[in-house]
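This report refers to the structure that appears directly beneath it.
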Amino acid sequence: MTAQAITKTRWFPAVLGFGTVFAAMLLVELLIRLGLINRFIVPLPSDILAALPRVIIEEHVLSRFLLTAAEAFSASILVTIFGVAGGVLLYQFRLLREATETWVAAVAAAPLVLIYPLYLVIFGRNATTIVAMGFTAGIAPVTLKTLEGLAGTRRVLINVGRSFNLTPWQQFWKILFPAALPTIFVGMRLGLIFALINIVGVEFLINFGGLGQLINELAERYDLAGTYAAILFVILISINVFVLTEWLERWLRPVE
Amino acid sequence: MTLPKAAPRWVQPVTALRIAIIVTILACWEALAASGLLYRDVVPSLFAIGKALFNLLTVPDMPVDLSRLGLQDAKIPAIYWHLYVTFYEILIGMVIGGLSGLVAGIALGSSRLLRQAYEPLLYYLGPCPKIIFFPVMIMWFGVGPGSKVAMGAISCFFPVALNVAGGMREIDKVLIRVGRSFRANTWQMVTKIYLPAMRHPIINGVRIGLGVCLIGTLLAETKLSNSGVGFLVIQAYSLFNMPLMYALLIVLFVIAIGANALIGKFGGLDDIKRR
């Protein structure tokens with residue numbers, strides 16, 4: 001097989017991508033062992049990998065993960081209930097939509113996570129603050145996407161409902177909601193990702209809760225390899241959640 | 001026949017409803033503040049917040065050494081110094097993260113192999129919470145502005161790189177062929193063809209990048225800092241000065257939403273939406 005043929009195979013880009021990451025880690029390992037990078041600032045990649053099982057077992061990563069997952073789940077439930085209800089409300093009352101849609105969009109673009117000290121004062125340093133922060137970060141995209149999904153329902157479907165003399169209640173549950181569901185799910189996915197990012201971030205900032213607190217604790221103990229391992233673990237969890245929700249979204253979306 | 005005179009803007013239903021909503025929220029806020037249902041000062045009166053905002057922006061409480069300029073020492077409101085520090089950190093973070101994102105995006109967008117190999121890494125790393133890198137940034141760049149700049153740069157890099165890479169793929173192939181037929185070199189292709197054709201994706205990436213850069217920098221300031229607006233917010237929390245905290249949050253949101261709107265306006269993003 002020639003070099004040109006190898007580069008055209010399906011697996012070559014993935015091998016190149018992961019190979020580059022692996023090569024970079026090897027290079028860092030070499031530079032640290034040669035003393036060109038201070039090992040008290042950057043730990044050996046081999047030490048980070050070796051620290052992973054220790055961090056998972058000794059730092060009770062499973063219970064921390066479950067706590068973060070529970071916070072994210074609670075925030076997602078709240079975001080879904082209030083976000084979808086808000087979107088439906090804006091769809092049903094046109095005047096309200098025209099008056100407030102730009103406000104909701106502005107809220108979605110605002111750096112809301114900065115109000116976490118305010119939540120600390122109101123709710124205290126506990127899981128409620130973290131869930132409230134996740135909820136605040138996630139609600140705007142769900143509201144906007146629900147509105148977009150309902151407003152984008154094909155005219156022909158609405159007319160079919162009318163020709164069957166459906167009541168407004170039936171029209172909503174039989175026509176509008178099923179038609180808008182894929183778009184609503186896009187919003188729920190965005191809301192979950194925003195909530196999760198903010199939950200882990202606030203856990204880290206207020207040193208309370210699950211995975212975010214783990215990173216903060218290890219950093220404060222100056223456990224370098226452990227800190228890097230915990231960051232790696234959180235990245236892997238985030239990627240998995242992202243991939244899973246993406247897969248669910250594709251599964252829900254009708255074939256175009 | 002004369003056309004009926006249009007109703008004044010404030011009488012129009014949408015404007016009237018907006019005014020009604022704002023007035024209701026403010027009235028509820030004031031009633032809650034007066035009721036004492038929440039802990040004292042958690043919901044301060046609007047008057048207290050307005051006074052804190054006025055003091056924050058106008059009362060000179062920080063001495064400034066102007067002797068080097070041959071001027072007498074003066075005092076300025078401390079918020080402007082902290083805004084300057086935050087602005088400086090965000091600006092440098094944006095320049096570093098934005099430029100490296102631009103280069104990475106152009107590289108990914110111009111080669112199919114590079115895109116297939118590295119774009120998934122950026123795509124999946126992009127939504128990770130960046131603040132978790134802050135302990136590492138402190139170790140690398142110290143507790144001063146360096147670690148905040150680094151947080152801003154990391155946050156900004158991903159949206160800019162992904163937007164530019166996406167924009168590169170959507171450039172009209174005719175433009176690229178025109179450049180090649182004129183035997184343009186790589187630098188000329190980038191400056192004469194790619195960058196002008198990708199104006200909107202770049203501006204969009206910068207707009208998203210600015211938002212996350214602002215968040216990354218300010219969150220880092222709230223975690224460990226002795227200057228910047230994030231530091232002021234967390235200091236107001238520590239001192240339980242709630243009117244000041246609300247005033248700072250108002251200033252921050254006005255700046256963030258204003259900067260977002262300005263980039264959209266001057267970047268021509270409004271034109272795309274109207275088209």
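These figures come from a predicted structure and were not determined experimentally. All chains are named by letter (A, B, ...) in the order of the sequence lines, taking the proteins before the strands, and each is independently numbered beginning at 1.
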Checklist outcome for this item: Greatest number of non-hydrogen atom pairs under 4.5 angstrom with chain B, of A:V21, A:N38, A:V113, falls to A:V113
Next on the checklist: Checking an interface table here. Which of residues 127-139 of chain B come within a heavy-atom distance under 4.5 Å of chain A?
Outcome noted: B:P127, B:C128, B:P129, B:I131, B:I132, B:F133, B:F134, B:P135, B:V136, B:M139
Next on the checklist: Does any backbone or side-chain atom of A:F204 lie under 4.5 Å from a heavy atom of chain B? Answer side chain, backbone, both or neither.
Outcome noted: both
Item to check | Contact check, side chains of A:V79 and A:L192, non-hydrogen atoms, under 4.5 Å | outcome: no
Next on the checklist: With a 6.0 Å cut-off (strictly less than), is the heavy-atom count around CZ of A:F123, excluding the residue itself, greater than 12?
Outcome noted: yes
Checklist entry - Side chain, backbone, both or neither: which part of B:I21 has an atom under 4.5 Å from a heavy atom of chain A? => result side chain
Item to check | Residue part contacting chain B, namely of A:E203, when any heavy atom lies under 4.5 Å | outcome: neither
Checklist entry - Is a side-chain donor or acceptor of A:N240 paired with a backbone partner of A:L236 at a separation under 3.5 angstrom? => result yes
Next on the checklist: Shorter than 4.5 Å, heavy atoms on both sides: which option in A:V42, A:I115, A:L96, A:L118 has the most such pairs with chain B?
Outcome noted: A:L118
Checklist entry - Between B:M94 and B:L210, which heavy-atom pair has the shortest distance, and what is it? => result SD-CA, 3.6 Å
Checklist entry - Hey, does the side chain of B:T86 reach the backbone of B:V229 with a donor-acceptor pair shorter than 3.5 angstrom? => result yes
Next on the checklist: Checking the side chain of A:T129 only, and the main-chain atoms of A:G124 only, is there a donor and an acceptor separated by less than 3.5 Å?
Outcome noted: yes
Item to check | B:S111 side-chain N/O to B:A107 backbone N/O, donor-acceptor pair under 3.5 Å | outcome: no
Item to check | Option that, when pairs with chain B are counted at under 4.5 Å, heavy atom only, ranks first among A:L196, A:V200, A:L120 | outcome: A:L120
Next on the checklist: Please determine whether the number of non-hydrogen atoms from other residues, nucleotides or ligands lying under 6.0 Å from atom CZ of B:F253 exceeds 12.
Outcome noted: yes
Item to check | Smallest separation among heavy atoms of A:L90 and A:R97, with atom names | outcome: O-CB, 3.1 Å
Item to check | Side chain / backbone / both / neither for A:F194 at chain B, heavy atoms under 4.5 Å | outcome: neither
Checklist entry - Contact part of A:Y116 toward chain B, heavy-atom cut-off under 4.5 Å: side chain, backbone, both or neither? => result side chain
Checklist entry - Where on A:I193 is there a heavy atom nearer than 4.5 Å to chain B: the side chain, the backbone, both, or neither? => result side chain
Item to check | Between CD1 on residue A:I37 and CZ on residue A:R39, distance to nearest 0.5 Å | outcome: 11.5 Å
Checklist outcome for this item: If one checks every heavy atom of B:L218 against chain A at 4.5 Å, the contacting part turns out to be both
Checklist entry - When you look at CZ of B:R112, are more than 12 heavy atoms from neighbouring residues, nucleotides or ligands closer to it than 6.0 Å? => result no
Checklist entry - Below 4.5 Å, heavy atoms only, C-beta onward: do B:S155 and B:T217 meet side chain to side chain? => result no
Checklist entry - Does a sphere of radius 6.0 Å around OH in A:Y222 hold more than 12 heavy atoms from other residues, nucleotides or ligands, not counting ones at 6.0 Å or beyond? => result yes
Next on the checklist: A side-chain contact here means heavy atoms from C-beta on lying under 4.5 Å apart; do A:T143 and A:V107 qualify?
Outcome noted: no
Checklist outcome for this item: Interface check, chain B: of A:S238, A:A110, A:A230, A:A99, most non-hydrogen pairs under 4.5 Å belong to A:A99
Item to check | Residues of residues 118-125 of chain B with any heavy atom under 4.5 Å of a heavy atom in chain A | outcome: B:Y118, B:L121, B:Y123, B:Y124, B:L125
Checklist entry - Okay, side chain of B:K148, backbone of B:G144: is any donor-acceptor separation there less than 3.5 Å? => result yes
Checklist entry - Heavy atoms under 4.5 Å from chain B: which residues of residues 205-218 of chain A carry them? => result A:L205, A:I215, A:N216
Checklist entry - A:W103: what forms a ring pair (Phe, Tyr, Trp, His ring centres under 6.0 Å) with it, not counting sequence neighbours? => result none
Checklist entry - What is the minimum heavy-atom distance between B:L32 and B:S35, and which atoms define it? => result O-OG, 2.8 Å
Next on the checklist: Between B:I257 and chain A, with a heavy-atom cut-off of 4.5 Å, which part of the residue counts as in contact: side chain, backbone, both or neither?
Outcome noted: side chain
Next on the checklist: As an exercise: rank B:I208, B:I234, B:T222 by heavy-atom pairs under 4.5 Å with chain A and give me the winner.
Outcome noted: B:T222
Item to check | Atom CZ of A:R94 with >12 non-hydrogen neighbours under 6.0 angstrom | outcome: no
Checklist entry - Angle class for the B:W29/B:Y246 ring planes (parallel below 30°, perpendicular above 60°, tilted otherwise)? => result perpendicular
